[in-house]
Amino acid sequence: MNADQVLWPAVLKLHGTDELVWLPDHAEWQQASHLRSLRLTPQDCLVDSEGKIFRIDAGRQLVAGSERLDLTEVLQLVRLHAAQDGACCAAKLAAPSIAAAIALVSG
């Protein structure tokens with residue numbers, strides 16, 4: 001398992017939706033009841049605070065890949081998530097770092 005390589009917090013990006021799920025730490029990933037009820041697909045992924053992408057295998061283990069999102073790409077995910085939640089002016093959301101962009105999903 002490569003979960004020890006994840007720089008927490010992170011977000012779970014669900015394929016086919018703009019929804020992001022904020023994950024403060026590995027314990028939340030392992031124990032959150034709302035996550036256990038999700039039917040994860042191979043297209044779902046976890047994006048950590050450095051923009052690294054982790055795929056999720058059939059056993060819900062996190063597998064690091066070579067893919068990485070930059071700040072612009074992470075901000076776009078966060079903006080889409082905020083717009084889907086009905087946030088006003090989602091297009092104006094900004095952050096100085098990927099970690100700060102991910103933190104916008106927490107609250």
Side-chain angles (χ1 to χ4, degrees):
M1 171 161 82
N2 291 313
D4 57 335
Q5 297 174 348
V6 176
L7 181 60
W8 302 96
V11 290
L12 178 62
K13 170 65 178 107
L14 301 171
H15 178 73
T17 181
D18 292 329
E19 180 180 4
L20 298 174
V21 178
W22 186 71
L23 299 164
D25 53 38
H26 186 247
E28 181 77 9
W29 167 251
Q30 289 183 310
Q31 299 169 3
S33 60
H34 68 279
L35 292 178
R36 286 190 295 245
S37 65
L38 290 176
R39 299 183 105 187
L40 298 176
T41 71
Q43 293 83 19
D44 298 330
C45 65
L46 183 130
V47 180
D48 81 356
S49 288
E50 290 183 330
K52 292 184 293 189
I53 295 178
F54 293 79
R55 297 293 171 196
I56 304 157
D57 71 14
R60 291 195 173 218
Q61 300 299 311
L62 299 171
V63 180
S66 60
E67 297 174 278
R68 176 177 244 131
L69 300 179
D70 63 23
L71 176 57
T72 302
E73 293 167 316
V74 173
L75 272 172
Q76 182 61 21
L77 292 177
V78 171
R79 288 174 182 144
L80 290 169
H81 170 78
Q84 174 236 249
D85 275 354
C88 178
C89 303
K92 293 182 180 181
L93 286 175
S97 67
I98 293 172
I102 286 175
L104 294 171
V105 178
S106 70

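Along the sequence shown, residues carry numbers from 1. Atoms considered below: every heavy atom in the structure, side chains included; atoms not considered: hydrogens, waters and symmetry mates.
Between Val6 and Leu23 there is no side-chain heavy-atom pair separated by less than 4.5 Å. Contact of the Ile56 side chain with the Leu62 side chain is registered, since non-hydrogen atoms from C-beta on lie closer than 4.5 Å. Within the 4.5 Å cutoff, the side chain of Ile98 has no heavy atoms near those of the Leu69 side chain. You'll find the side chain of Gln5 reaches within 4.5 Å of the side chain of Phe54, heavy atoms only.
Distance check, rounded to the nearest 0.5 Å: CG of Leu14 to CD of Gln43 gives 11.5 Å. Interatomic distance, Leu12 CG to Cys45 SG, rounded to the nearest 0.5 Å: 7.5 Å. One distance of note links CD1 of Ile102 with CH2 of Trp8; it measures 10.5 Å at 0.5 Å rounding. With rounding to the nearest 0.5 angstrom, the CG atom of Leu40 is 4.0 Å from the CZ atom of Arg60. Note: Leu20 CG to His81 NE2 = 5.5 Å, rounded to the nearest 0.5 Å. The CZ atom of Arg79 lies 4.5 Å from the CG atom of Leu75; values are rounded to the nearest 0.5 Å.
At least one donor-acceptor pair under 3.5 Å links the side chain of Glu73 to the backbone N or O of Asp70. Using modelled atom types, one side-chain atom of Arg36 and one backbone atom of Gln31 make a donor-acceptor pair closer than 3.5 Å. Side chain of Lys13 to backbone of Leu77: no donor-acceptor contact under 3.5 angstrom is found. Formation of a donor-acceptor pair under 3.5 Å by the Asp44 side chain with backbone atoms of His15 is found in this model.
In the hydrophobic clustering (ILVMFWY side chains linked at under 4.5 Å, chained through shared members), Leu80 stands by itself.
The two residues Leu104 and Ala95 come nearest to each other via the heavy atoms CD1-CB, 4.4 Å. For the residue pair Ala100 and Pro96, the shortest heavy atom distance occurs at CB-CD, 3.7 Å.
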